[in-house]
Amino acid sequence: MQPSSPPSPFRSLKTKIVIPLLVISAVLVPLSVWLTQRLFTQRIEEQARFRVHHLANAVKAAARATSEPAELMRIVHALGEEPDVTFIVVASGETLRVLAATKQAWIGRSISDLSEKDVTQHLANTMATQQAYPHFHTETGEFEFILPFDLDSAGASPRDRADRAVMVRL
């Protein structure tokens with residue numbers, strides 16, 4: 001009888017199973033982490049988009065329903081106190097002056113005088129195109145939505161029918 005030689009690690013059944021399992025695990029774990037992170041990010045962005053759209057519509061409805069600027073400012077401040085709201089701006093007129101905002105310093109100013117130039121640019125572009133403008137700021141993780149609107153024609157004079165816009169940033 002020949003003496004049995006120790007099993008070679010290259011021929012071992014354990015080695016043939018364990019090494020491929022480790023390789024597969026090394027590939028699948030990072031892939032599953034990446035996929036989970038991507039799906040989570042998409043879901044968060046979807047929820048932010050939904051929330052900012054509904055806040056903008058609520059402010060638009062309030063602006064149409066109230067004739068008093070003080071009441072509109074009170075509503076904007078109340079909605080702006082939500083923890084995830086960065087700011088809300090309602091602008092009106094041909095020169096786009098801020099009617100109501102969560103930032104007190106902006107009220108009554110022209111949008112061209114605002115310190116945040118991206119706000120100025122986005123509002124001006126939205127009013128020029130008359131299209132709703134959703135935008136995600138990748139550098140800050142904030143989502144904004146600008147919604148242009150006119151007052152209802154019932155009881156509004158031609159001066160009151162100037163273009164208006166509401167901007168909400170979360």
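Salt-bridge annotation for Glu46 and Arg43: present, with a side-chain N of the basic residue lying under 4.0 Å from a carboxylate O of the acidic one. Salt-bridge annotation for Glu116 and Lys103: present, with a side-chain N of the basic residue lying under 4.0 Å from a carboxylate O of the acidic one.
Partner Arg169 forms a side-chain hydrogen bond (donor to acceptor under 3.5 Å, both in side chains) with one of Asp118, Thr86, Thr102 and no other, that one being Asp118.
No donor-acceptor pair under 3.5 Å is formed between the side chain of Glu81 and the backbone N or O of Ala78. Although no hydrogens or angles enter the test, the distance criterion places a donor-acceptor pair under 3.5 Å between the side chain of Ser32 and the main chain of Val29.
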> Please walk me through it: do Tyr133 and Glu144 pass side chain to side chain contact (heavy atoms under 4.5 Å, CB included)?
Replying inline: CA-CA 8 Å; Tyr133 178 74; Glu144 75 182 30; 3.6 Å; yes
> Where do Phe87 and Val119 land on the side chain to side chain contact (heavy atoms under 4.5 Å, CB included) test, with the steps shown first?
Replying inline: CA-CA 11 Å; Phe87 63 79; Val119 172; 3.4 Å; yes
> Does the side chain to side chain contact (heavy atoms under 4.5 Å, CB included) test come out yes or no for Val98 and Val90, once each step is laid out?
Replying inline: CA-CA 6 Å; Val98 176; Val90 179; over 6 Å; no
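One hydrophobic cluster, built from ILVMFWY side chains closer than 4.5 Å, cannot hold both Ile146 and Ile107; they sit in different ones. Val166 and Ile75 fall within a single hydrophobic cluster, where Ile, Leu, Val, Met, Phe, Trp and Tyr are joined by side-chain heavy atoms under 4.5 Å apart, directly or via other members. In the hydrophobic clustering of this structure, Leu31 groups with Leu39; members are Ile, Leu, Val, Met, Phe, Trp, Tyr whose side-chain heavy atoms approach within less than 4.5 Å, directly or through other members. The cluster map of Ile, Leu, Val, Met, Phe, Trp and Tyr, joined by side-chain heavy atoms under 4.5 Å apart, puts Val168 and Val76 in the same cluster. One hydrophobic cluster, built from ILVMFWY side chains closer than 4.5 Å, cannot hold both Leu72 and Trp106; they sit in different ones.
The CD atom of Gln130 lies 11.0 Å from the CZ atom of Phe149; values are rounded to the nearest 0.5 Å. Annotation: the span from Leu147 atom CG to Lys60 atom NZ amounts to 5.0 Å, rounded to 0.5 Å. Taking NE2 of His135 as the reference point, atom NE2 of His122 lies at 4.5 Å (rounded to 0.5 Å). A distance of 6.5 Å separates NZ in Lys117 from OG in Ser112, rounded to the nearest 0.5 Å. Rounded to the nearest 0.5 Å, atoms CG (Leu123) and CE (Met167) are 5.0 Å apart. Note that the OG1 atom of Thr120 and the CG atom of Leu114 stand 4.5 Å from one another [nearest 0.5 Å].
Donor-acceptor pairing under 3.5 Å is lacking for the side chains of Thr41 and Glu45. In summary, the side chains of His77 and Gln104 do present a donor paired with an acceptor at a separation below 3.5 Å, with no hydrogens or angles considered.
Nearest heavy-atom pair across Gly108 and Arg97 is O-NH1, 3.2 Å. Residues Val85 and Leu79 come closest through the heavy atom pair CG2-O, 3.7 Å.
Two rings, from Phe143 and His137, have their centers 6.0 Å or more apart.
In the displayed structure, Phe50 atom CZ is contacted under 6.0 Å by at most 12 heavy atoms of other residues, nucleotides or ligands.
Side-chain contact check for Arg51 versus Leu170: some heavy-atom pair is nearer than 4.5 Å.
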